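Let me begin by presenting the structure, written as structure tokens, before commenting on it.
Read the numbers this way: they start at 1 and go in the same order the structure lists the ligands and their atoms. Owing to the predicted nature of the structure, the values given are computational and were not obtained by experimental measurement.
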Amino acid sequence: MEEVHNRQLIRSIGSKAVMRRFFFLSILFPSCLFAQTVSKAVLPQPRLVVGIVVDQMRYDYLYRFYNKYSEGGFKRLLNQGFNCRNNHYQYAHTVTAAGHAAVYTGSIPAINGMIGNEWYDPFTQKGVYCVEDSSAKTVGSSNSSVGRMSPRNLLTSTVTDQLRIATQFRSKTIGIAVKDRGAILPAGHTASAAYWYDSKTGNWVTSTFYMAALPNWVTAFNDRKLPAEYVRQGWKTLLPIREYIESTPDDEPYEAKLPGATKAVFPYELAGRAGDAFGTVLSMPGGNTMTKDLAIAALKGENMGKGSVTDFLAVSFSTPDRIGHAFGPHSVEEEDIYLRLDLDLAELFTFLDSWTGPGNYTVFLTADHGVMDVPGFWQQHHLPAGLIDGGKLNGIIKTALTDAFGSGNYIVASENAQLYLNHSLLREKKITVDAVSATVREALLPLPGIADVINLRSLSTANLNTHLLELYKNMTHAKRSGDIQLIPEPGWIENGGTGTNHGSPYHYDTHVPFVLYGWGIAKGETLRYTTIADIAPTIASLLHILPPSGTVGNPVQEALK
Ligand SMILES: [Zn+2]
């Protein structure tokens with residue numbers, strides 16, 4: 001009884017004290033008190049989140065071309081937003097599908113299942129493309145194969161899914177990218193829509209997974225026939241070519257050629273010569289520009305950012321990946337594509353200011369992986385790099401296995417520098433995976449460019465440094481990964497001679513931008529080690545929603561106001 005009485009006493013004293021404080025405060029700061037009441041009545045939310053992934057954007061591009069960027073694009077994010085300058089992928093196979101999935105799931109391939117753009121399914125004994133779905137049909141084009149896509153192979157939810165769940169599916173979430181996987185994986189399983197590009201017809205398309213027919217605004221966009229127009233314009237450098245001092249001379253022997261081009265030099269006149277005009281636009285600034293144009297058309301067409309709940313637009317710019325692969329990070333083509341992307345971003349941000357009102361939207365920008373400099377460029381300057389001949393490796397592996405175990409088809413598939421073994425043959429011949437792995441290792445270790453060969457089925461006992469071991473563990477999925485992993489030396493890529501590649505566990509492939517800007521974002525930067533898996537939980541914290549189902553990252557607290 002006494003305890004109850006005391007509690008009541010405390011409550012009544014407390015409420016009297018509060019009353020008295022309220023009385024004084026309301027005399028001193030009446031409007032302040034009012035404002036506080038209003039702001040707490042409704043949970044503050046941005047009108048819109050815009051996630052931007054630049055395909056193959058390495059961290060250093062923020063600064064190598066900084067002096068030439070406009071005020072409204074990358075510089076606006078860097079100088080008015082929050083910059084995580086030491087942001088990394090923390091898994092080994094750094095490619096497009098894995099990257100886009102990791103950004104939006106806050107997870108790793110070992111959990112979300114996106115171990116590569118392709119893999120081999122040992123249970124169905126078939127190769128799998130990351131977003132393939134034979135039950136889905138093309139919407140928006142006569143090309144039947146381009147739309148057989150959906151996010152069904154993604155094993156966890158995305159931050160876009162979690163926003164949809166949190167708002168009882170009132171939030172609109174749309175994914176846009178030239179590449180199907182760049183649009184589909186970010187938008188998640190519950191997406192309002194995802195749109196990607198059909199290089200056969202020049203149309204933006206979707207699949208029956210999302211809808212039965214294109215919305216009118218997409219059909220109207222396709223009717224503008226922008227790809228043909230961009231190809232007709234050709235590609236000249238934005239600035240006089242002598243000003244591209246950050247890059248090597250325009251014509252290097254290790255550069256690939258654009259479709260329809262006779263030499264890898266500016267200016268490119270591609271109209272008429274390009275056999276595949278709708279594909280050619282993807283290797284020109286027009287690929288980025290039409291992606292930005294469709295993003296703006298989506299905001300207008302779906303009235304995104306104007307409703308009572310937050311909407312989410314996920315845009316991925318795929319063209320820089322094509323340019324990077326063909327010409328490398330130190331080419332004039334690469335520098336020019338980033339100077340022009342900067343202008344496209346500036347235009348997008350200016351539109352967002354007018355559309356939602358400045359400060360009412362949140363943007364983040366990152367990349368799905370980095371890239372190695374062209375090995376030929378490194379070799380010119382006595383740096384350690386080189387090319388691995390995949391065909392030659394296969395021959396050596398086959399010979400070694402036949403010599404050790406007798407003739408037989410021991411390897412059923414090789415994807416992502418992994419060998420998938422023929423387990424029924426191994427059982428029949430009573431050969432262990434360890435024995436095969438040791439044989440392959442012994443045969444390949446003497447070769448230049450091969451750092452190691454490990455058995456992915458016994459990673460816990462692998463004799464590998466702890467740094468790489470963690471990256472390979474995070475990448476290995478029990479049902480989708482191969483049995484044996486070939487690990488390259490830093491700087492070495494499997495490649496046919498021109499251009500470059502990514503997909504390694506090394507710094508140049510893992511270190512990518514992560515910049516936040518706008519509503520709810522503090523101004524500043526950190527050099528603390530952050531990971532790609534931190535992006536989704538950071539956005540989830542901003543929106544006060546649950547992070548995705550496979551999240552392993554943590555919110556970047558310093559970035560949030
Ligand atoms: Zn990519």
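At a threshold of 4.5 Å between non-hydrogen side-chain atoms, the residues Thr366 and Phe364 count as touching.
For residue His369, an N/O/S atom approaches the Zn ion (ligand 1) to within less than 2.8 Å. Residue side and main chain included, Asp321 places no N/O/S atom under 2.8 Å of the Zn ion (ligand 1). Ser318 lies apart from the Zn ion (ligand 1) in this respect, since none of its N, O or S atoms is found at a distance under 2.8 Å.
In this structure, Asp121 does not pair ionically with Lys126, as no charged nitrogen and carboxylate oxygen lie closer than 4.0 Å. Salt-bridge formation is detected for the pair Asp321/Lys179: a Lys NZ or Arg NE/NH1/NH2 atom is positioned less than 4.0 Å from an Asp or Glu carboxylate oxygen. At a threshold of 4.0 Å, the pair Lys68-Glu246 counts as salt-bridged, since one of the basic side-chain nitrogens sits closer than that to a carboxylate oxygen.
Atom OD2 is the N, O or S atom of Asp368 at the shortest distance from the Zn ion (ligand 1). For the Zn ion (ligand 1), the nearest N, O or S atom contributed by Asp55 is named OD1.
At most 12 non-hydrogen atoms from other residues, nucleotides or ligands lie less than 6.0 angstrom from NZ of Lys200.
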